[in-house]
Amino acid sequence: MGSELILAADSGGSGAFNLLLLLAVPLVFYFLLIRPQSRRRKQQMEMQNAMTPGARVLTTSGMRATVVEVDDDGVVLEIADGVEVRFVRQAVMQVLKDDEPEELDDEHDELDEDGDEDGDRVDLSKDADADAAEDDAAEDVRAEADGADDEDEDEDAESRPKGRAKVKAADKPSA
C-alpha cells in the first residue's frame with residue numbers, strides 16, 4: 001500500500017498538463033468567439049460609413065428603404081414615395097444589391113392552369129345543400145317560436161339534420 005502512494009507522487013506530468021490546459025482555454029475563446037465577432041463589427045462599421053444617397057438598404061426592423069441623405073450620426077431613408085424618415089446609422093443592417101428583387105413574394109404569385117396558386121385552394125362558396133339545410137333549420141326555429149306542437153312536425157324536426165339559423169341582432173335600447 002505504501003508503494004502505491006510513492007508511485008503516484010513520482011508521476012509529475014499532471015502539473016504541466018494543467019498549465020497547458022489553463023493557457024489553451026483563453027486561446028480557444030479568443031479564436032472562436034472574440035476574433036470573429038470583432039471582425040463582423042468592423043465590417044458593419046465600414047458598411048455603415050460607406051453608405052451613399054441612392055443606395056437600397058434593409059433596416060434592423062426589416063424595412064426596405066432608399067438612402068436620401070447621410071449625416072454624421074444618422075441617415076434619412078425614403079420608405080415609400082414621399083415618405084422620409086430619420087434613422088441612426090446603426091439601424092441599417094445591410095446594403096442591398098441592385099439585382100435583388102423588390103418583392104420577394106413574386107415567385108409564389110404564379111398561378112397554375114386552374115388559376116390556383118399551389119393546387120390547394122379551398123372553395124368557400126355556399127352549396128345548394130348547405131342553403132337547404134340552413135332554410136330547414138330556420139323553418140324549425142320559426143315553427144318552435146310560433147308554438148307548433150304537432151307530433152309529426154316534432155318527429156320530422158328531430159330526424160332532419162340541424163343547421164345554423166340566421167338571427168338578426170336586436171337594436172340596443174337607448175338610455
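Quick caveat: nothing in here was measured; it's all calculated off a predicted structure. Because only heavy atoms are used, hydrogens play no part in the values below, and waters and symmetry mates are left out as well, while side chains stay in.
Atom CG of Asp73 and atom CZ of Phe87 lie 14.0 Å apart (nearest 0.5 Å). Arg64 CZ to Gln94 CD: the interatomic distance, rounded to the nearest 0.5 Å, is 8.0 Å.
Connection of Val25 to Leu19 is not established within any shared hydrophobic cluster, with ILVMFWY side chains joined at heavy-atom distances below 4.5 Å, either directly or through further cluster members. Hydrophobic cluster membership is shared by Val83 and Val57, with clusters built from Ile, Leu, Val, Met, Phe, Trp and Tyr side chains linked at under 4.5 angstrom. One hydrophobic cluster, built from ILVMFWY side chains closer than 4.5 Å, cannot hold both Leu23 and Leu20; they sit in different ones. Under the 4.5 Å side-chain contact rule for hydrophobic residues, Ile79 and Val75 share a cluster.
Within the 4.5 Å cutoff, the side chain of Leu58 has no heavy atoms near those of the Met63 side chain. Considering only heavy atoms from C-beta on, Met51 comes within 4.5 Å of Val95 through its side chain. Residues Val67 and Val70 form a side-chain contact, since some pair of their non-hydrogen atoms from C-beta on lies under 4.5 Å apart. A 4.5 Å side-chain heavy-atom check between Thr66 and Leu77 finds every atom pair outside the cut-off.
Each of Gln43, Gln90, Met93 was compared with Gln48 under the side-chain contact (heavy atoms from CB on, under 4.5 Å) criterion, and only Gln90 meets it.
The two atoms that bring Met47 and Val92 nearest to each other are CE-O, 3.8 Å, heavy atoms only.
In this structure, Arg86 places its CZ atom where more than 12 heavy-atom neighbours from other residues, nucleotides or ligands lie under 6.0 Å away.
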